[in-house]
Amino acid sequence: MNGLFDLPSDLQHSYLGLVGLHLREALIPVLAGLLLALPVAQLCVRLRWLYPPVLGVTTVLYAIPSLAFFVVLIDYTGQTETTVMIPLAVYSLVVFVPAIVDGVRSVPQETLDAATAMGLGPVRRYLQVQLPIAAPAIIAGLRVATVSSISLVSVGMLIGNQGALGNLLYDGMSYGRPRLVWLSVIGTAVLATVVDALLVLLRRILTPWMPRGARRPSAGNRPEPAVTAGKGAAR
Amino acid sequence: MIRIDGVTKRYPDGTVAVDRLSLDIPDGAITVFVGPSGCGKTTTLRMINRMVEPSEGRILIDGEDSRRQPVNTLRRSMGYVIQNAGLFQHRTIVDNIATVPRLLGWSKEKARSRARELMERVGLDGSLAKRYPYQLSGGQQQRVGVARALAADPPVLLMDEPFSAVDPVVRKGLQDELLRIQAELGKTIVFVTHDIDEAVKLGTMVAVMRTGGRLAQYAPPAELLSDPADAFVEDFLGADRGIRRLSFFPSAELELLTGPVAAAGTGRTAARDTGDAPYLLVTDADGRPLGWAEPGLPTDGPVDPGRLLPCGRPFVAGQDSLRAALDCAVLSPTGWAVAVDGSGRVAGVVSQQAIGEAIRAAHAGGRSDGADTGASAKVAG
């Protein structure tokens with residue numbers, strides 16, 4: 001127990017192992033939440049009246065403490081990772097649903113008209129036009145959901161051994177070893193920052209069509225058409 | 001031919017957007033729907049590609065009810081251009097243009113090479129192919145919109161106020177470009193605008209619609225200007241329809257006088273003796289106009305250009321319209337218009353009075369044969 005990253009054996013993992021576990025427990029719920037939110041959001045776009053109640057429900061779900069979720073879930077899924085991940089997935093909906101709905105709604109009406117007039121059916125229009133144009137908004141939601149999920153995983157220590165870096169924090173406090181506490185807290189923060197940076201990179205790669213440094217154009221507020229990027233755009 | 005047959009569009013709240021509209025849209029020509037906002041012109045256009053379904057009546061395309069074929073097949077056979085272009089902001093210019101060919105199952109390479117070909121056709125530099133819409137000016141985006149509509153070579157082009165969001169100079173350029181492309185391709189174009197000048201400039205046939213979705217008049221633009229059906233159409237055409245109508249009369253019939261024209265330094269003071277004109281038009285040795293010499297000014301010996309009256313912008317004989325000729329005469333300090341040939345050499349001069357006579361003759365001729373054939377060709381200028 002001399003090295004900086006040496007951990008007590010009751011954790012049953014190396015430091016990197018805990019980091020990997022933490023990532024898995026944080027990211028799988030976010031992906032599940034995203035996959036669940038996409039159809040829900042699309043329904044909300046199609047049926048306008050559905051959006052306010054759906055938003056209300058996601059907010060109420062978000063307000064349920066994770067401990068309460070655990071108490072209910074433990075009867076079904078036991079003291080497992082799944083019990084930790086289900087509440088995290090549910091929490092992410094409060095971010096994803098409005099992000100996707102706003103993103104899809106921000107597609108200019110004339111762009112949709114043009115798509116319809118060119119003979120794109122509803123499915124193609126959704127997949128080829130609405131979703132790609134909503135991508136920046138969705139990725140913005142993804143960033144918030146991911147960072148929040150990474151920080152929330154730690155509560156898994158409450159149901160025994162499922163908090164990944166959270167377990168390390170618990171160990172550090174019960175054994176009175178500040179090194180472990182710091183390893184846990186700083187490790188979680190660094191992890192969140194790195195993943196967030198990767199998502200920013202992903203957005204850059206996925207949306208080369210966005211004006212650099214400019215904010216996403218919203219529906220009623222088109223950018224001035226004469227904006228030229230760098231050299232030679234204006235002939 | 002597209003036949004609109006007793007079409008009415010009534011919305012659930014009872015609003016009637018289009019009211020029992022019937023008209024034939026000829027093949028290979030530009031038909032313009034024009035009218036104030038709320039007259040149902042855009043609704044009519046959207047009923048042609050079934051983005052709006054008629055409540056009553058039907059639309060026949062080459063004799064077949066447009067509801068017979070699958071809606072997306074119908075739409076892919078009609079190019080569609082809208083205000084602000086409506087480009088896909090997440091796709092490059094070349095991929096925007098290639099959209100419909102790709103939908104029709106063309107290979108990526110074929111669709112892209114077709115797209116590049118169209119960029120050239122609408123006057124876009126090939127270097128823009130890989131750019132995104134936000135990197136283009138409004139006028140360039142609109143050209144992309146036209147190219148995208150033409151990509152799969154559809155027989156029909158639907159254009160919904162395509163040029164109303166760009167500035168007047170760019171708009172004029174786009175209009176001229178559309179006329180040029182149309183001369184090459186001969187598409188059946190249905191064009192919606194609220195701008196009567198645009199309608200008169202572009203239309204082979206113009207349908208004027210009034211609020212409530214009723215057709216006020218359907219005629220070639222020259223006939224519209226000469227014989228508006230009622231006070232509404234007359235009002236909509238504006239105050240100077242008589243002058244604008246002159247755009248449809250060629251200047252070829254004008255009798256040009258060459259008597260009062262002399263090259264500088266030829267010493268032809270004798271030109272006065274012709275009695276045709278009080279002023280003498282002085283040209284350079286090459287025959288290009290320099291200016292008008294006043295009656296007392298000797299023309300033998302070198303001419304001091306500072307002592308000549310300016311002759312203003314000349315019109316091109318035979319090519320420009322009577323409107324351009326009259327404009328030159330009105331702006332000329334002498335009241336005489338200068339006509340030049342295609343290379344800018346003086347072809348002759350003509351007085352306001354002579355132009356006035358030509359206008360009266362043209363009106364008389366236009367009434368007897370031009371108006372009802374609908375064949376009145378437009379004259380440049």
Side-chain angles (χ1 to χ4, degrees), chain A residues 103-139 203-235, chain B residues 42 45-46 48-51 70-93 95-96 99-104 123-125 127-128 130-142 145 148-149 151-152 154 158 160-161 165-167 170:
Chain A
V104 170
R105 277 189 186 166
S106 76
V107 178
Q109 186 58 42
E110 62 238 26
T111 305
L112 289 179
D113 282 353
T116 309
M118 282 190 286
L120 274 81
V123 176
R124 274 209 169 96
R125 204 166 61 219
Y126 178 65
L127 293 178
Q128 295 182 7
V129 178
Q130 289 176 305
L131 217 47
I133 293 178
I138 297 174
I139 293 175
R203 204 217 62 206
R204 285 266 171 87
I205 292 167
L206 285 183
T207 62
W209 47 271
M210 263 179 65
R212 275 290 159 89
R215 297 185 60 182
R216 241 163 48 79
S218 61
N221 181 19
R222 292 174 56 82
E224 274 302 299
V227 181
T228 52
K231 55 208 179 299
R235 284 188 300 132
Chain B
T42 294
L45 187 83
R46 284 166 166 245
I48 295 176
N49 70 353
R50 292 180 55 196
M51 287 175 67
V71 67
N72 285 336
T73 312
L74 176 82
R75 288 176 183 161
R76 286 171 203 168
S77 71
M78 296 179 173
Y80 190 75
V81 188
I82 44 176
Q83 197 178 338
N84 291 326
L87 299 184
F88 298 144
Q89 51 184 297
H90 60 297
R91 289 194 184 161
T92 57
I93 300 310
D95 284 341
N96 260 283
T99 304
V100 179
R102 292 285 286 145
L103 282 174
L104 292 173
L124 283 170
D125 197 276
S127 66
L128 299 174
K130 294 273 178 204
R131 285 179 199 268
Y132 288 96
Y134 81 93
Q135 295 169 306
L136 268 57
S137 71
Q140 288 171 331
Q141 290 191 19
Q142 206 51 258
R148 185 173 65 173
L158 307 177
D160 188 3
E161 306 218 18
V166 292
D167 68 66
V170 175

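Since we're looking at a predicted model, the values are computed, not measured.
- When B/L158, B/I82, B/V71, B/V166 are compared by the number of non-hydrogen pairs under 4.5 Å with chain A, B/I82 comes out ahead.
- With values rounded to the nearest 0.5 angstrom, B/Y134 atom OH is found 9.0 Å from A/M210 atom CE.
- Between A/E110 and B/L87, every side-chain heavy-atom pair lies at or beyond the 4.5 Å cut-off.
- Side chains of A/L120 and B/N72 form no contact here, defined as non-hydrogen atoms less than 4.5 Å apart.
- Of all residues spanning residues 112-119 of chain A, those with a heavy atom less than 4.5 Å away from chain B's heavy atoms are A/D113, A/A114, A/A115, A/T116, A/A117, A/M118, A/G119, arranged by number.
- Of the atoms belonging to B/R46, it is side-chain heavy atoms, and not backbone ones, that fall under 4.5 Å from chain A.
- The shortest side-chain heavy-atom distance between A/P211 and B/Q135 does not fall under the 4.5 Å cut-off.
- Remark: side-chain polar atoms of B/H90 are paired, donor with acceptor, to backbone N or O of A/Q128 under 3.5 angstrom.
- Contact annotation: the side chain of A/P208 approaches that of B/Y132 to within less than 4.5 Å [non-hydrogen atoms, C-beta and beyond].
- Going from atom CD of B/Q89 over to atom OG1 of A/T111 covers 6.0 Å, rounded to the nearest 0.5 Å.
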